[in-house]
Each structure stands twice: as structure tokens, then as C-alpha cells.
Visitor: 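There's a structure below that I have some questions on.
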Amino acid sequence: MKKVLIKNLAQIATPTGKKMQKGSAMAQITCISDGAVYIEDGIIRKVGQTAEVCAGLDEASCQVIDGRDKCAVPGFVDSHTHFIFGGYRPKEFIRRLEGAGYLEIMQMGGGIQATVDATRSSSYENLYENGKKRLNHMLEQGITTVEGKSGYGLDFECERKQLQVMKELNEKQPVDIVPTYLGGHAVPLEYKEDADGYIDYMIEKVLPRVKAENLAEFCDIFCEDSVFSIAQSERLLNAAKKLGFISKIHADEIVTLGGAELAARLGAASADHLLMISNQGIKDLSNSDTVATLLPCTAFCLDKPYAPARRLIDSGCAVALASDFNPGSCFANSIPLMLALAVIHMKMSIEEAICALTLNGAAALKRADILGSIEVGKQADINIIEYPDYRFLVYHTDANLVEKVIKGGELVYEK
Ligand code: NIG
Ligand code: FE
């Protein structure tokens, strides 16, 4: 049995519980000073003050990690990314700076379609190598679980290529990858003017094969003006649900369409973006178990008003924070930037932001029972921060303070 002991930590800071925290409960972070964590075969067995945890323990049989002057927080869960893609879109970024809109560029054949072309012509090996580099960068920032979406293939073959790359990467490197089928990311040129026909194609030809090959757990759709309507999104997600996929929705990002209400109605794991969520949407999410996943770096990169994090939390919703890392709307996956935007601009407290990036991120991936907190029985995914207090994660605004990453009880990264 592999035994690991992290001891003498100046502080352990963690949300608690096996499910999402909603509303005011998000701010309840447990702090233990002079803390220790004892791990057996990747699972946390004891958490408490160093003297308590070490009592009766044969330290000589453990790998001991000294946490003096450091703080431990749960591994970060980035529950919304599009990190497998071919090519880049710098020209589009410049056009946006010159005033062009995100949907306007998409309608002119750029945007997501440009990445679809580049991903279709990328080899498996190229997608794999780039994916691996991006995962290394995530791990260095303390991301121990990441969700990855397809959606840059649209046809079955290329969607499968993206999902297979994620499957192999998941087996070969330490960051856990949770795969989502996002065939409903854009209407492909083959179905131009026939979005309903494309929905039929996904339902009849793609979803059953993705399921049969066990390539994805979640099904997501870009429910947006001039992309997929509420009715089309509902039709796809209902069909996916019948096959056993869990729903996610890119909801109310650019236009108020009712995506949040739909997510609540369908019992989706999460409704993501929500910059333009309606009051009814907030109400429906607060009465549901659907996590409101906010992506501040996207609002920042698109120069849009941030999602109403305060209103969501004050109304009793469970909020998660994620990167949305992708080559278009948000070519950024910086945890320090995300936390700074959430706290300084969206007015979340530091405690709420930590909960949003750990336990509630895990809930958005239906894994809050095993991930997202430093508690007995959970998987030992732990970040050791180079300062003695978790608040430095935002106070030291621009810096990556992750010094060590422990994933499933293994020390997988050290600065
Ligand atoms: O979440 N909004 C739709 N999808 C992505 C952007 C994808 C892209 O621009 O390539 C998002 O922002
Ligand atoms: Fe996205």
C-alpha cells in the first residue's frame, strides 16, 4: 500500500461536502492550521492538525512531504474547456479589437468554422502533441481534473478523432480528462441552412456511436441566437439523455435566449457562460441542481459585461468557475487571471471563488462525491501553495503560486 503524509502545513483550506455548495454556503471554507493529510493508495484517510494525524502513524513507512509555511487547497477542477483543436485564430482576435462581433465573424465563415477546418486537417498526432503541452501547462497551475469538449469536427469522424485524443491523453498523463461531446457547437457547412437536419444527423448517426465507443459522458450544445435555438437544443439534449449522456449547455452567452431555464428544466449538470441570463433563469437555476458555470476570462477577452455572479450566489445558485480555454473567444487558461477577475471584477469573495474552482467545479462534472475537497474518503488531489494562506491566491494577483501538485496521492508536479 502506498502511504503519503503531508505535514506541518501552515494551513489547509477547503470547502467541505460531497455535493455542490449553493448560495451563502459557498463561502464556508474550513481552515486548519498546522495541518496534515494522510493518504493511502490515493485516498485521503486522515485530515487534521499535524499532531492528531501523526499520532500512531508509522512515518517511516510513508512518503513524507513537508508543508512548513505552505497552504494546501484542493486540486483545481476546470469544468469547461475546448483544449483539443487544430490551428489558431489571431486574425479574428485583431478583427474583434477593431470592432467586429463574435457572432458576426462566425456568420462570415470565421470563428468556430475556421477551427473546424483546421481540426479536420490536423493529424491525430498533432492534436495529441498540442493537447499534451496544454495539459502540462494546466497541471503547473494546479488543475488536476479538466473537462474537454469535442465540437471542432462536427462530422462523426473528426469528433471521434478529438474524443479519442482525449481518451489516450487521459491514460498517459496525470490530469484527469472528462470528455464532452459538443457536436452542437456550430452548424457545419454540409448542413448550411438546415440546422434541424444536422440535429437529426447527430441524434441518429453520431450520438449512438459516441455512446457505443464510450467516448463521452456529457453532451453539450451552443444554444445561441443564429446557432442552435432552444427547441433544437432541447431536442438534441433529450435524445442524448435517453442514451445516458448528461447535459450541459452553452447558455445565454451573447443574447438572452432562455438557455438557463432550459438547463434547469432538463436537469443539466451545468449551464455555462450566462452573461445575459434572465431573472427567471436565475430563479430556475437556484431551484435546481444545475451548476451555474461562469467563464470570466471569456467575458474579459470578448470585452463583454461579466456574468452576474453576485446575483446568482445571493439568489442561492451553485456557481462554478472555469476557463473556457479555446482558440477563439478565450485563448487563455490562466488560473490567476480567472481568480482575479472573479474576485476583483465579479465581486465573488475569495472563499466563494475557491469553492467555485474546486467542489462546485467537481459538481459540474458530477464528481463532487469524490473530488473537490480535502476530506476523508476523497481522492487525494491537492495543491501546495507557496504562501501560508489561501488568500494569497488572489492577493498576489498575477502569480501562479502552485508549488506542488498531488494527484491521486502521487506527487506529479513540483516547481
Ligand atoms: O464557449 N461559445 C461557443 N463556444 C466557445 C468558443 C469556441 C470558439 O470560439 O472556438 C465558447 O466561448
Ligand atoms: Fe465553451
Side-chain angles (χ1 to χ4, degrees), residues 76-89 111-141 143-186 188 190 201-202 205-222 240 243-246 248 250 272 322-333 361 364-367 407-408 412-413:
F76 300 139
V77 180
D78 188 352
S79 63
H80 180 141
T81 84
H82 309 247
F83 80 96
I84 299 294
F85 55 84
Y88 296 95
R89 286 153 44 199
I112 294 169
Q113 186 59 48
T115 299
V116 170
D117 296 341
T119 306
R120 285 182 179 177
S121 59
S122 287
S123 67
Y124 182 95
E125 291 69 30
N126 179 278
L127 294 178
Y128 183 92
E129 286 309 319
N130 280 323
K132 198 165 134 190
K133 276 188 216 147
R134 292 168 193 154
L135 286 163
N136 282 340
H137 180 60
M138 292 179 202
L139 185 66
E140 285 169 13
Q141 298 185 80
I143 297 170
T144 47
T145 299
V146 65
E147 183 252 19
K149 301 177 194 294
S150 64
Y152 290 126
L154 308 182
D155 63 28
F156 173 66
E157 287 308 321
C158 189
E159 288 288 300
R160 176 162 67 176
K161 180 168 68 175
Q162 280 193 274
L163 293 167
Q164 280 174 333
V165 165
M166 285 192 253
K167 195 172 199 170
E168 190 181 342
L169 283 167
N170 187 43
E171 286 157 10
K172 297 199 174 150
Q173 56 72 57
V175 180
D176 270 332
I177 303 169
V178 179
T180 294
Y181 169 67
L182 176 60
H185 200 189
E190 307 88 276
Y201 164 76
M202 287 190 281
K205 303 270 192 274
V206 186
L207 280 172
R209 292 158 86 181
V210 171
K211 190 74 211 172
E213 295 185 29
N214 196 21
L215 289 171
E217 276 178 53
F218 293 86
C219 181
D220 192 351
I221 188 160
F222 188 15
L243 290 169
F245 292 94
I246 305 166
K248 285 184 167 285
H250 279 68
D272 303 39
S323 71
D324 196 22
F325 179 52
N326 74 73
S329 64
C330 181
F331 191 37
N333 68 338
L365 300 180
K366 296 284 181 200
R367 280 162 168 73
K407 172 72 191 171
V412 290
Y413 169 77

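Residues take their numbers from the sequence shown, with the count starting at 1.
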Visitor: Taking only residues two or more places apart in sequence, or in another chain, which ones meet Y88 in a ring pair (Phe, Tyr, Trp, His ring centres under 6.0 Å)?
Guide: F85, F331
Visitor: Apply side-chain contact (heavy atoms from CB on, under 4.5 Å) to the pair N333 and R134, showing each step before the final yes or no.
Guide: CA-CA 9 Å; N333 68 338; R134 292 168 193 154; 5.7 Å; no
Visitor: So which heavy atom on I84 is nearest to which on G131, and how close?
Guide: CD1-CA, 3.8 Å
Visitor: I'd like to know if E168 pairs up with K172 as an ion pair, taking the criterion as any Lys NZ or Arg NE/NH1/NH2 lying under 4.0 Å from an Asp or Glu carboxylate oxygen.
Guide: yes
Visitor: Is it the case that the side chain of N326 and the backbone of H82 share a donor-acceptor pair, with hydrogens and angles ignored and the cut-off at 3.5 Å?
Guide: no
Visitor: Quick one about E217 and Y181 (side-chain donor to acceptor, distance below 3.5 Å, no hydrogens or angles considered), yes or no?
Guide: no
Visitor: Distance-only, no hydrogens or angles: does the E159 side chain make a donor-acceptor pair with backbone N or O of L154 under 3.5 Å?
Guide: yes
Visitor: Donor-acceptor pair, R160 side chain versus C158 backbone, under 3.5 Å?
Guide: no
Visitor: Show, in sequence, the C-alpha distance, side-chain angles and deciding distance for V175 and T144, and conclude whether the side-chain contact (heavy atoms from CB on, under 4.5 Å) test is met.
Guide: CA-CA 5 Å; V175 180; T144 47; 5.9 Å; no
Visitor: Are K161 and Y124 in a cation-pi setup, meaning NZ or CZ lies under 6.0 angstrom from the ring centre and within 45 degrees of the ring axis?
Guide: no
Visitor: Are R209 and F156 in a cation-pi setup, meaning NZ or CZ lies under 6.0 angstrom from the ring centre and within 45 degrees of the ring axis?
Guide: yes
Visitor: Under the criterion side-chain contact (heavy atoms from CB on, under 4.5 Å), I'd like the reasoning laid out for F325 against V146: C-alpha separation, chi angles, the key distance, then a yes or no.
Guide: CA-CA 11 Å; F325 179 52; V146 65; over 6 Å; no
Visitor: When you check the side-chain N and O atoms of E140 and N136, is any donor under 3.5 Å from an acceptor?
Guide: no
Visitor: Contact between F218 and K366 at the side-chain level, heavy atoms closer than 4.5 Å - yes or no?
Guide: yes
Visitor: Roughly how far, to the nearest 0.5 Å, is the OG1 atom of T145 from the CG atom of N170?
Guide: 9.5 Å
Visitor: Using modelled atom types and a 3.5 Å cut-off, is there a donor and acceptor pairing between side-chain atoms of Q162 and backbone atoms of Y152?
Guide: yes
Visitor: When you compare the side chain of D272 with that of F222, does any pair of heavy atoms fall below 4.5 Å?
Guide: no
Visitor: Just verifying a value: how many Å separate E129 CD and S123 OG, rounded to the nearest 0.5 Å?
Guide: 9.0 Å
Visitor: Determine yes or no for a side-chain-to-main-chain donor-acceptor pair under 3.5 angstrom, with Q141 supplying the side chain and I143 the backbone.
Guide: no
Visitor: Is there a side-chain contact between L135 and M138, using heavy atoms and a 4.5 Å cut-off?
Guide: yes
Visitor: Under 4.0 Å between a side-chain nitrogen and a carboxylate oxygen: does that hold for D176 and K407?
Guide: yes
Visitor: Can any side-chain N or O of S150 pair as donor or acceptor with the backbone N or O of L182 at less than 3.5 Å?
Guide: yes
Visitor: Can you tell me which residue among E147, K248, H250 is in a side chain to side chain donor-acceptor pair (under 3.5 Å) with H80?
Guide: H250
Visitor: Does a side-chain heavy-atom distance below 4.5 Å link P188 with R120?
Guide: yes
Visitor: For the residue pair A118 and G86, what are the closest heavy atoms and their distance?
Guide: CB-O, 3.4 Å
Visitor: K149 and side chain to side chain donor-acceptor pair (under 3.5 Å): which partner among T180, D220, T81?
Guide: D220
Visitor: Hey, what do you get for CG (D324) to CG (D78), rounding to the nearest 0.5 Å?
Guide: 9.0 Å
Visitor: Ignoring hydrogens and angles, tell me if any N or O in the side chain of K211 forms a donor-acceptor pair with the backbone of V206 under 3.5 Å.
Guide: no
Visitor: Measuring from L243:CG to C219:SG, what's the distance to the nearest 0.5 Å?
Guide: 9.0 Å
Visitor: Checking side-chain polar atoms at under 3.5 Å, does R89 have a donor or acceptor matched by the opposite partner on T115?
Guide: yes
Visitor: Check K205 with E157, please: is the shortest side-chain N to carboxylate O separation under 4.0 Å?
Guide: no
Visitor: If you count the non-hydrogen atoms of other residues, nucleotides and ligands that lie under 6.0 Å from NZ in K132, is the total more than 12?
Guide: no
Visitor: So which atom in S79 and which in G361 form the shortest heavy-atom distance, rounded to 0.1 Å?
Guide: CB-O, 3.6 Å
Visitor: Could you tell me which non-hydrogen atom of G153 sits nearest to which non-hydrogen atom of V116, and how far apart they are?
Guide: O-CG1, 3.8 Å
Visitor: With a 4.5 Å cut-off on side-chain heavy atoms, are L139 and V412 touching?
Guide: yes
Visitor: Quick check: closest heavy atoms across I112 and G151, and the distance to 0.1 Å?
Guide: CG2-O, 4.2 Å
